[in-house]
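Data block below; observations after.
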Amino acid sequence: MTRQKYLQLIHVAAHHLKLDDTTYRQMLHRLTGETSAKALNIGQLAQVLNALKAKGFRIQPTQPTTKKQTDRPQLHKMQALWQAMADEGIVRDASATALAHFIKRETGCDSPYWLDSQQASQVIEKLKQWQKRVVRATSC
């Protein structure tokens with residue numbers, strides 16, 4: 001997850017949990033020694049987000065409502081590669097859920113819809129490499 005995404009989620013969580021500014025900054029100081037989230041590194045941001053989750057905040061994964069799946073060519077490409085690999089017997093489960101689990105394992109992103117262009121390209125390349133490895137191994 002990117003630094004910006006952590007910051008965004010932390011601020012959404014603080015608002016959702018109705019933390020006033022003083023309480024929020026005290027929590028940051030108690031957890032990290034800093035009073036501003038901007039001063040935190042990725043590990044500290046993750047620690048703060050986990051603390052907010054422990055207090056009851058839940059990330060609600062949502063699919064974008066403004067774009068259709070066909071408006072996301074990289075997502076369409078990932079799904080096509082995944083289906084082709086399932087047809088070839090490389091993956092056992094052709095479902096979108098199985099693809100989402102693969103994407104989460106590779107990128108840490110909870111939803112394929114949240115991938116930025118670079119992350120989506122990396123997933124596509126990993127799928128292509130996996131497919132090539134298996135095809136080469138079976139043709140020898």
Would you please name every residue forming a side-chain contact (heavy atoms from CB on, under 4.5 Å) with Ile42, sequence neighbours left out?
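Ile42 satisfies side-chain contact (heavy atoms from CB on, under 4.5 Å) with Arg3, Tyr6 only.
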Mind checking side-chain contact (heavy atoms from CB on, under 4.5 Å) for Asp20 and listing every partner two or more places apart, or none if nothing turns up?
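side-chain contact (heavy atoms from CB on, under 4.5 Å) list for Asp20, sorted by chain: Thr22, Thr23.
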Any non-hydrogen side-chain atom of [X] less than 4.5 Å from a side-chain atom of [Y]?
X	Y	value
Leu81	Lys128	yes
Met27	Val48	yes
Phe102	Leu127	yes
Leu40	Ile10	no
Arg133	Trp130	yes
Gln119	Val123	no
His29	Glu34	no

For [X] against [Y], the heavy-atom pair lying closest together:
X	Y	result
Pro112	Arg72	O-NH2, 4.0 Å
Leu28	Ala37	CD1-N, 3.7 Å
Leu52	Ala13	CD1-CB, 3.6 Å

Let me confirm one number: the [atom1]-[atom2] distance from [X] to [Y], rounded to the nearest 0.5 Å.
X	Y	atom1	atom2	answer
Gln47	Leu49	CD	CG	11.0 Å
Leu45	Lys5	CG	NZ	13.5 Å
Leu75	Leu115	CG	CG	8.0 Å
Glu106	Glu125	CD	CD	13.0 Å
Gln122	Thr107	CD	OG1	8.5 Å

Please check if the number of heavy atoms outside Arg92 that lie under 6.0 Å from its CZ is greater than 12.
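Atom CZ in Arg92 is not packed in, count stays at 12 or less.
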Evaluate Val134 against Glu88 for side-chain contact (heavy atoms from CB on, under 4.5 Å), listing each step before the verdict.
CA-CA 10 Å; Val134 173; Glu88 295 168 4; over 6 Å; no
Give a yes or no answer on whether the side chain of Gln44 reaches the backbone of Asn41 with a donor-acceptor pair at less than 3.5 Å.
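Such a contact is found between Gln44 side chain and Asn41 backbone.
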